[in-house]
Amino acid sequence: MRITNNMMLRSTSSNINGNKLNVNSLNNQMSSQKKIQRPSENPVIAIRALRFRSTLSEIDQYYENNIPDAESWLEVTETALKNMITIVGDIRTQCIAGANDPLTEDDRNTILTTLEKLRDQVYSEGNTDYAGRTVFTGYRTNQKLTFMEDDRTTSYNITQTLSYEDIQEYRYYGDKVTVPTTESEVLNNTISDPKQAEFDRIRLSYSEIDSITGADGTVADGTTTASTTLAYKDADGNQLGTIGVTVYDTLEDWAAANGNSYKIDETAGMQSVFIKETGELILGEKASSELRNNKASLDLNYNKTGFDKGELRPEYYFNCTDTTNPTDPIEYIKYENGKEVYQDIEYIVAANQTIKVNTQASEVFDANLGRDVDELIEAVRFAQEAYDKVTKIEEMKTMSEYSSDECQAALESWLTAAEKERDYANDNMQKLYNNYIGFCDNYLEELNLAKTEVGSKGQSLELTKNRMENQQTTVETLMSTNEDRDLSEIIIDYTSAYNAYQASLQAASKINQNTLLNYI
Amino acid sequence: MPSTFFGLTIATSGMNAYQVALNTTANNISNVQTEGYTRQQANRVASGALRVYQKYGSVGTGVTTTSITQVRNQYYDTKYWYNQSSVGLYETRLNYLQQIENYFIDDSTSKGFSTILNTMFNSLDTLKNNASDVNVRQQFIGSAQNLATYFNSVASGLGEIQSTTNDEIKSTVMNINAIAEKIATLNDQINVIEVQGGYANELRDQRAVLVDELSAIVPTEVEELPVKDSNNPDHYTGANYYTVKIGGQILVNTYEYYTLDCVARENKVNQSDIDGLYDLKWSNTGNSFHAGASSMSGTLKALFDIRDGNNGENFTGTAHVLNANQLQVTKPSMTTIEELALPEKGVLTINGRDYEYEGFTYETDADGNITSYTFDLSNPLTVQEQAKVDNRSVAVGTAVNSMGIPYYMAQMNQFLRSFATAFNDILHQGEDLNGNKTDYYAFFTGTDKVTGEEFTFDGLDSNGIAGKGSAIDSYYKLTAGNICVSGICQKAPTLLATTTSITGTGGVDAYDLIEKLATLKSDVVLYRGGTAEGFLKCMISDISIDTQESEIFSKNYANIATAIDNQRLSVSGVDEDEEALDLVKFQNAYNLSAKMISVMAEVYDRLILETGV
């Protein structure tokens with residue numbers, strides 16, 4: 001084949017260009033340390049890299065965002081539960097102290113004030129927040145668990161399910177002594193005869209109720225409509241029958257309506273009494289045993305306006321409707337088809353692994369706790385008052401204005417009555433103290449269980465965190481193996497490519513330096 | 001007995017001949033670096049012998065230069081021109097494919113689709129954990145807008161490429177026209193020279209360079225036939241017919257040449273096409289020149305492939321005449337709203353004839369698949385036309401079997417429509433932070449080019465009447481170019497729905513909808529049997545395979561071109577050593593001839609001055 005100088009030049013230049021391409025590609029590799037610069041150079045690497053990056057970005061999200069966030073949630077929850085345990089523990093201590101009567105009046109007063117203080121704190125832990133989000137309120141993190149101020153305008157319509165298990169025996173005291181203050185009162189006032197009555201009752205979670213709604217939709221408020229009926233059902237939700245209910249404003253009204261004594265007349269069928277002030281459904285014997293025998297429950301729908309500071313907001317415990325603004329009622333659903341609706345906040349902490357970070361108030365803060373403490377305080381106060389009455393009458397006996405024989409004889413009767421009341425009150429208080437030690441134990445058990453659960457979640461989260469850390473490293477390594485080139489390897493290749501390039505330049509400089517023309 | 005002075009004449013002929021040879025060499029050397037120059041050689045023959053009526057018969061009369069010709073082998077030219085169109089095709093394709101590829105790169109340095117999608121879904125996960133936090137909502141909305149912006153920028157980038165190719169088509173066509181004109185002129189000049197005897201070497205070189213250039217643009221065939229004297233068929237006149245065909249159609253017919261016109265389309269062929277794409281037509285006949293046809297090749301075909309390539313997925317079906325103004329198309333090739341790439345107004349091609357339509361509606365079956373389309377024609381059909389059209393196959397645009405801009409646009413639209421539909425449908429079930437329903441706006445929406453209003457995809461036309469078709473506010477309107485996150489949501493992040501009910505069973509931090517949205521990343525099949533995550537993988541494999549192929553073929557054809565060119569140069573190139581050798585040879589020959597004259601002078605001197613004096 002005939003070769004011309006130009007052909008040699010052309011092939012030299014194309015060779016130089018080829019070498020330059022190599023040098024350029026290796027230079028790119030060296031400066032980026034990546035195997036490929038564009039997907040088309042090696043689609044397999046490019047697509048695999050996408051997958052790794054996607055996995056890594058997910059792991060980063062778990063490891064760097066979700067897990068630390070979840071840890072904080074759990075920590076905050078655990079601290080709140082610990083505080084709560086301390087509070088309930090304190091209440092229990094007071095109960096034990098109280099149960100160990102006789103105590104001096106001062107001691108009783110101390111217990112009373114301590115209990116009152118603790119009562120204020122009982123639910124405040126439920127308002128704990130993490131970064132502005134209340135942790136015990138499910139999805140409603142923008143609201144607190146309790147009312148933060150005394151609120152006289154807010155009204156709710158609440159449906160509370162009362163189970164036969166909630167039936168408690170409870171003592172009611174009537175005809176309390178009113179200490180006379182003048183001689184004529186001593187002589188002329190009827191000396192009351194304190195009475196003790198024991199009934200089965202179911203206590204609502206709230207007191208100061210406006211009205212209740214019966215099975216037939218009758219709204220009974222004790223003034224315009226006094227009575228209605230309540231339907232009860234078995235565990236499967238089959239309706240079994242109805243119980244009559246009469247609504248009274250206070251216990252006194254109930255007594256007044258029944259000839260100054262607590263009575264439920266069940267001759268015409270099962271009956272009960274609802275006291276608005278205390279929020280109690282007091283059951284007749286028949287009604288009580290019917291509910292117990294059938295393991296029945298009943299849905300009590302009631303309206304309540306006005307809440308005290310520290311009271312639980314009903315939406316975290318019951319199906320209810322906020323009717324403060326009657327034109328725009330807000331409905332809250334806690335139970336759907338008899339099942340509790342859980343507002344679980346779950347964080348994804350690893351691929352296909354979630355962790356529930358929140359604990360709902362209804363799981364740990366028993367709605368009865370506050371009411372229990374209230375009743376205890378009430379009982380202590382009652383005992384205190386009864387004690388005061390006795391002291392007062394004893395004092396009166398020594399006073400000159402009551403020195404007449406008549407007076408003294410009357411005061412003696414007053415004293416007997418007051419002493420009877422004091423004995424009842426003391427007995428009741430002792431009984432409650434003992435009961436409440438048991439209740440506190442139950443509450444503590446619940447709380448401890450919840451705390452353990454949160455703690456063990458924290459531990460499993462720790463394990464997941466370690467695993468994610470490892471996975472992060474693994475994926476990063478895999479990614480690097482996939483797309484990165486070892487620098488030393490590139491340098492070797494680069495050096496040889498560069499040498500080839502230099503050689504081709506050298507060759508080009510020699511070629512065509514001389515032609516035959518130079519020699520003629 | 002010849003003339004006494006005959007020797008002088010013979011020597012002179014030698015001097016003349018080598019003078020010419022030396023000149024030719026000089027010409028060769030001077031043109032050693034001239035593009036397209038073919039080496040020339042002076043052809044010499046011994047002059048006709050003289051009968052001198054002597055015993056020894058005839059006497060040689062020296063040398064004659066008969067011609068100066070090019071050393072060129074037409075075979076290599078043909079081969080070169082044939083190969084050149086493939087070189088042009090793949091080189092141009094590679095260039096543009098790499099530009100397209102740039103938009104789909106996603107690595108540590110340039111943040112592409114996957115990175116943006118991952119960020120968006122990570123923000124979504126963060127939102128799941130903090131559903132009520134307005135800042136986190138804003139962050140998620142921002143990251144969703146980033147995704148939309150990414151597609152906007154890719155769409156406008158691809159549109160830019162489409163526009164560039166369109167411009168390049170215009171300049172390329174102008175180049176073809178210029179070449180055609182020049183070749184025709186050269187044909188004339190060459191024939192003028194050659195009909196008088198002789199060779200127009202330099203002009204032929206110029207013409208060959210033009211054909212070299214042309215052959216890279218379009219497949220070029222050249223035919224050169226001698227012009228015979230019609231009275232005397234054996235007599236060669238010296239002139240030649242020179243025909244250049246591009247893509248099988250005549251561009252230059254010796255002295256005549258034809259030009260191509262770029263005619264801007266009045267109607268789009270694909271929904272996402274830019275305005276004013278050119279179609280090529282012959283200026284004289286007005287017939288179309290299909291430079292993008294599958295039989296074509298060269299730079300021009302590459303440009304058309306990139307500009308119009310729809311992977312063979314243009315709209316087709318069977319036409320049925322409903323009435324003079326309406327045409328129904330059944331068995332359509334596009335059966336879902338997602339893949340629908342029909343322009344709102346366009347041209348139906350039936351049986352080679354174009355029928356303009358100004359809108360369409362479609363009918364769906366129980367599964368929501370489109371079973372037929374009804375087109376509203378701009379001009380009513382005559383009875384004859386109706387007969388011609390009925391039951392014929394109909395097409396919009398042509399099937400260009402290459403993955404070009406329209407293909408990638410359609411793919412993006414298809415993905416985005418599926419993704420946006422799934423996304424919006426989930427969010428429509430929800431309530432915003434204020435407890436209001438969010439079904440009155442679409443989260444992923446687009447803006448109407450004309451009115452600037454956001455789409456709600458409610459399936460209503462401008463009069464609020466429900467329907468299906470081009471005039472309806474449906475996902476058909478959503479494209480990669482106009483997708484965005486609803487301004488309603490961007491302005492007020494609280495209006496984003498995260499749950500089906502804020503009150504009732506839920507709360508501000510309820511996240512049931514977010515959980516559903518999260519499945520859209522990798523659990524729900526959205527696009528080409530894959531998930532959202534898989535979209536870029538599909539795109540990358542499409543573009544990479546194409547780019548790789550072009551790269552390989554471009555290299556191969558360039559290598560073949562080099563080989564053929566080398567063979568061509570091997571025959572017709574100027575070699576300096578050879579020319580130097582010629583120089584020595586011819587100089588020697590010239591010197592010898594000159595010496596001959598002085599020898600003859602001595603001979604005559606002896607004879608005339610000294611003999612018999």
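Hydrogens, waters and symmetry mates are skipped; everything else that's a heavy atom, side chains included, is used. Small disclaimer: the values here were computed from a predicted structure and weren't measured. In the text below, chain A, chain B and the rest are named by the order of the sequence lines, each starting its count at 1.
- Using modelled atom types, one side-chain atom of A:Arg140 and one backbone atom of B:Gly506 make a donor-acceptor pair closer than 3.5 Å.
- The most heavy-atom pairs under 4.5 Å with chain A, out of B:Ile105, B:Thr499, B:Asp125, come from B:Asp125.
- A:Arg2 and B:Leu569 make their closest contact through NH1-O, 3.7 Å (heavy atoms, listed as atom of the first residue, atom of the second, distance).
- Residues A:Ile345 and B:Asp509 come closest through the heavy atom pair CD1-CB, 4.3 Å.
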- Task: Under the side chain to side chain donor-acceptor pair (under 3.5 Å) rule, what do B:Gln548 and A:Ser40 come out as? Steps first, then yes or no, please.
- Result: CA-CA 6 Å; B:Gln548 269 189 329; A:Ser40 60; over 6 Å; no
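- The shortest heavy-atom contact between A:Asn65 and B:Thr126 is ND2-OG1, 4.2 Å.
- For A:Lys356, the NZ atom is densely surrounded, since the number of other residues' heavy atoms within 6.0 Å is greater than 12.
- Contacts with chain A (heavy atom to heavy atom, under 4.5 Å) involve these residues of residues 513-524 of chain B, listed by number: B:Lys521.
- Looking only at distances, no side-chain donor or acceptor of A:Asp69 sits under 3.5 Å from a matching main-chain atom of B:Asn129.
- For B:Leu581, the parts sitting under 4.5 Å from any heavy atom of chain A are the backbone and the side chain alike.
- Neither the backbone nor the side chain of B:Glu579 comes within contact range of chain A; no heavy atoms are under 4.5 Å apart.
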- Query: Can you check side-chain contact (heavy atoms from CB on, under 4.5 Å) on A:Gln61 and B:Phe121, steps first, answer last?
  - Reply: CA-CA 10 Å; A:Gln61 170 74 8; B:Phe121 275 93; over 6 Å; no
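- Counting all heavy atoms, side chain and backbone alike, A:Ile47 lies closest to B:Ile540 at CG1-CG2, 4.0 Å.
- With chain A as the partner, the residue from B:Thr562, B:Val571, B:Asp577 showing the most heavy-atom pairs under 4.5 Å is B:Asp577.
- When each of B:Leu97, B:Asp107, B:Asp546, B:Asn130 is scored by its heavy-atom pairs under 4.5 Å with chain A, the top score falls to B:Asn130.
- Atom CG of A:Leu516 sits about 10.0 Å away from atom CG of B:Asp582, to the nearest 0.5 Å.
- Proximity of A:Thr4 to B:Ser570: side-chain heavy atoms (C-beta onward) are nowhere separated by under 4.5 Å.
- The environment of NZ in B:Lys555 is sparse: at most 12 heavy-atom neighbours from other residues, nucleotides or ligands sit within 6.0 Å.
- The shortest heavy-atom contact between A:Tyr347 and B:Lys128 is CA-NZ, 3.9 Å.
- Heavy-atom minimum distance, A:Arg133 versus B:Ala131: NH2-N, 4.2 Å.
- Between the CG atom of A:Leu50 and the OG atom of B:Ser114 there is a distance of 4.0 Å, given to the nearest 0.5 Å.
- Contacts between A:Glu41 and chain B at a heavy-atom distance below 4.5 Å involve the backbone alone (N, CA, C, O).
- For a residue to count as touching a neighbouring chain, one of its non-hydrogen atoms must lie under 4.5 Å from one of that chain's; by this rule A:Gln37 touches chain B with the backbone only.
- When the candidates A:Val341, A:Asn66, A:Asn358 are compared by the number of heavy-atom contacts under 4.5 Å with chain B, A:Asn66 comes out ahead.
- Between the side chain of A:Arg53 and the main chain of B:Asn118, no donor-acceptor pair closer than 3.5 Å is present.
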- Trace of the side-chain contact (heavy atoms from CB on, under 4.5 Å) decision for B:Thr503 with A:Glu331: CA-CA 6 Å; B:Thr503 54; A:Glu331 196 192 2; 5.7 Å; no
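- Using a 4.5 Å cut-off between heavy atoms, A:Lys34 touches chain B through its side chain atoms alone.
- Only the backbone of A:Asp344 has a heavy atom closer than 4.5 Å to any heavy atom of chain B.
- The OG atom of B:Ser501 sits 10.0 Å away from the OH atom of A:Tyr139 when rounded to the nearest 0.5 Å.
- Side-chain atoms of B:Asp575 come within 3.5 Å of backbone N or O of A:Asn5 as a donor-acceptor pair.
- Among B:Gln33, B:Gln567, B:Gln587, B:Glu551, the residue making the largest number of heavy-atom pairs under 4.5 Å with chain A is B:Gln33.
- Looking at B:Asn102, the atoms closer than 4.5 Å to chain A (heavy atoms on both sides) sit in the backbone and in the side chain alike.
- Of the atoms belonging to B:Val574, it is backbone heavy atoms, and not side-chain ones, that fall under 4.5 Å from chain A.
- Of the two parts of B:Asp512, neither the backbone nor the side chain holds a non-hydrogen atom closer than 4.5 Å to a non-hydrogen atom of chain A.
- Interface with chain A: from residues 530-539 of chain B, residues B:Glu533, B:Leu536, B:Lys537 qualify, criterion being any non-hydrogen pair under 4.5 Å.
- Two residues are said to be in side-chain contact when any heavy atoms from C-beta on lie closer than 4.5 Å; A:Pro39 and B:Ser544 meet this criterion.
- Under a 3.5 Å cut-off, the side chain of B:Asn122 and the backbone N or O of A:Ser57 do form a donor-acceptor pair.
- In this structure, CD in A:Gln343 is found 10.5 Å from OH in B:Tyr511, a value given to the nearest 0.5 Å.
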